[in-house]
Amino acid sequence: MKIKAYHSFKLVKSIHYLAWLSIPFVLVFPSTFSLPAFLIGLVLLTSLGSSAALHRYFCHQSFKTGKIRHWILALLGTLSTQGSISHWVPYHRSHHKNSDTEDDPISPTFVGFWKAFHAIQDLGSYKDIKTRDIVIMMRDPAVKFFYDWYWPNIILYVVILGLINPILILNMYFLPIFMVRFVFGLQNTFGHGVPVFDGYKNHATKDNSYNSVFVNMITFCLGETLHNNHHHNPGKYSYKEHWWELDLTGFLIEKVFIK
Ligand SMILES: [Zn+2]
Ligand SMILES: [Zn+2]
């Protein structure tokens, strides 16, 4: 299968750079920030789109949901602009398979803090990802649809936001995407023990994964940085194991998406 050009990682990364610029923009023009709109965008794109849909549902298949909610998760995963589902999934499975070894191109131990922090799914850097795996994923009509119509869906979402109110583009698209990169950046680094901060392990995994309650707090308790719990049992939709380990994404999955 030919991988189409509009899944260019340069384009995806360019969106991410714009998302990073949204932080200084908000600091210079604080009146452009809307907390309610940002929180809605955070739930839709960061928590549900990236964490619940791409990570826990499509990649780890940690819960089952209904047909309409399956399409909603595929849509939100697409809008989070982290690459199409059929790309994100094999990349992340490879991370679990090769965690903290030389074959893990996002291991902070081997590639350093900043390269791991900014890493996105660059399939070219993984040896064991096969086009066949992507073809198999494409048998899912939702995965195929959002692969074929990847950028049009994202552009339509941004246009709708702009027509309602242009500041929504900032608050419900770029800032939530910044949060995706921030959460997964911290997960790739602190979540893999670099640097050791308040990290702790509930499980003696063979990789270098850690949980961090503090980092989880500064990422709105979305749960992704309870990373040792996740690496120990990737098939669980919630990463919460103790009362102090908060997992908003797992909570939303349980209340809204589990069939
Ligand atoms: Zn990991
Ligand atoms: Zn994972």
Side-chain angles (χ1 to χ4, degrees), residues 46-64 73 76-77 80 82-123 125-129 133 137 143 179-213 215-216 219 221-241 245 247-250 252-253 257:
T46 315
S47 178
L48 295 181
S50 186
S51 185
L54 292 178
H55 191 195
R56 305 187 199 192
Y57 181 65
F58 285 103
C59 182
H60 292 297
Q61 300 177 329
S62 64
F63 62 97
K64 293 193 186 308
L73 287 170
L76 295 176
S80 71
Q82 303 302 306
S84 58
I85 299 163
S86 52
H87 282 181
W88 203 97
V89 167
Y91 139 81
H92 189 72
R93 285 178 183 162
S94 176
H95 164 64
H96 276 265
K97 187 177 170 189
N98 301 302
S99 291
D100 298 307
T101 69
E102 287 180 347
D103 290 333
D104 179 6
I106 61 168
S107 167
T109 307
F110 290 96
V111 303
F113 182 92
W114 286 110
K115 200 168 176 190
F117 190 92
H118 287 288
I120 64 165
Q121 57 283 22
D122 181 356
L123 296 184
S125 58
Y126 285 85
K127 295 172 193 161
D128 56 352
I129 289 177
D133 296 336
M137 288 211 66
V143 173
M179 283 304 303
V180 174
R181 297 315 316 151
F182 188 60
V183 169
F184 278 82
L186 292 177
Q187 176 191 282
N188 291 351
T189 51
F190 285 89
H192 278 271
V194 178
V196 175
F197 185 58
D198 70 331
Y200 65 95
K201 285 173 175 277
N202 284 331
H203 308 281
T205 51
K206 63 181 172 56
D207 51 51
N208 199 28
S209 60
Y210 279 83
N211 296 327
S212 173
V213 169
V215 178
N216 193 34
T219 51
C221 298
L222 298 186
E224 285 296 328
T225 55
L226 300 171
H227 208 49
N228 176 250
N229 295 353
H230 172 56
H231 268 264
H232 173 66
N233 192 349
K236 275 184 72 178
Y237 70 84
S238 174
Y239 305 162
K240 179 181 174 65
E241 294 187 3
E245 295 173 342
D247 182 1
L248 174 67
T249 303
L252 291 172
I253 290 169
F257 286 98

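When a ligand or atom number is given, it counts from 1 through the structure's own listing order.
For the Zn ion (ligand 1), protein N, O or S atoms closer than 2.8 Å were enumerated as His95 NE2, His192 NE2, His227 NE2, His231 NE2, with waters left out.
The side-chain contact (heavy atoms from CB on, under 4.5 Å) test applied to Tyr210 returns Lys201, Asn208, not counting sequence neighbours. For His203, the ring-ring contact (aromatic ring centres under 6.0 Å, His included) partners two or more places apart in sequence, or in a different chain, are His232.
Separation of the His87 and His92 ring centroids does not fall under the 6.0 Å cut-off.
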With a 3.5 Å cut-off and sequence neighbours excluded, list the donor-acceptor pairs that the side chains of residues 109-117 form with protein atoms.
none

Are Glu224 and Ser51 close enough, and set up right, to give a side-chain hydrogen bond (donor to acceptor under 3.5 Å, both in side chains), and what steps lead you there? CA-CA 7 Å; Glu224 285 296 328; Ser51 185; 2.3 Å; yes
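If you check the side chains of His96 and His230, you find a donor sitting under 3.5 Å from an acceptor.
For the Zn ion (ligand 2), the N/O/S atoms of His60 include one lying under 2.8 Å.
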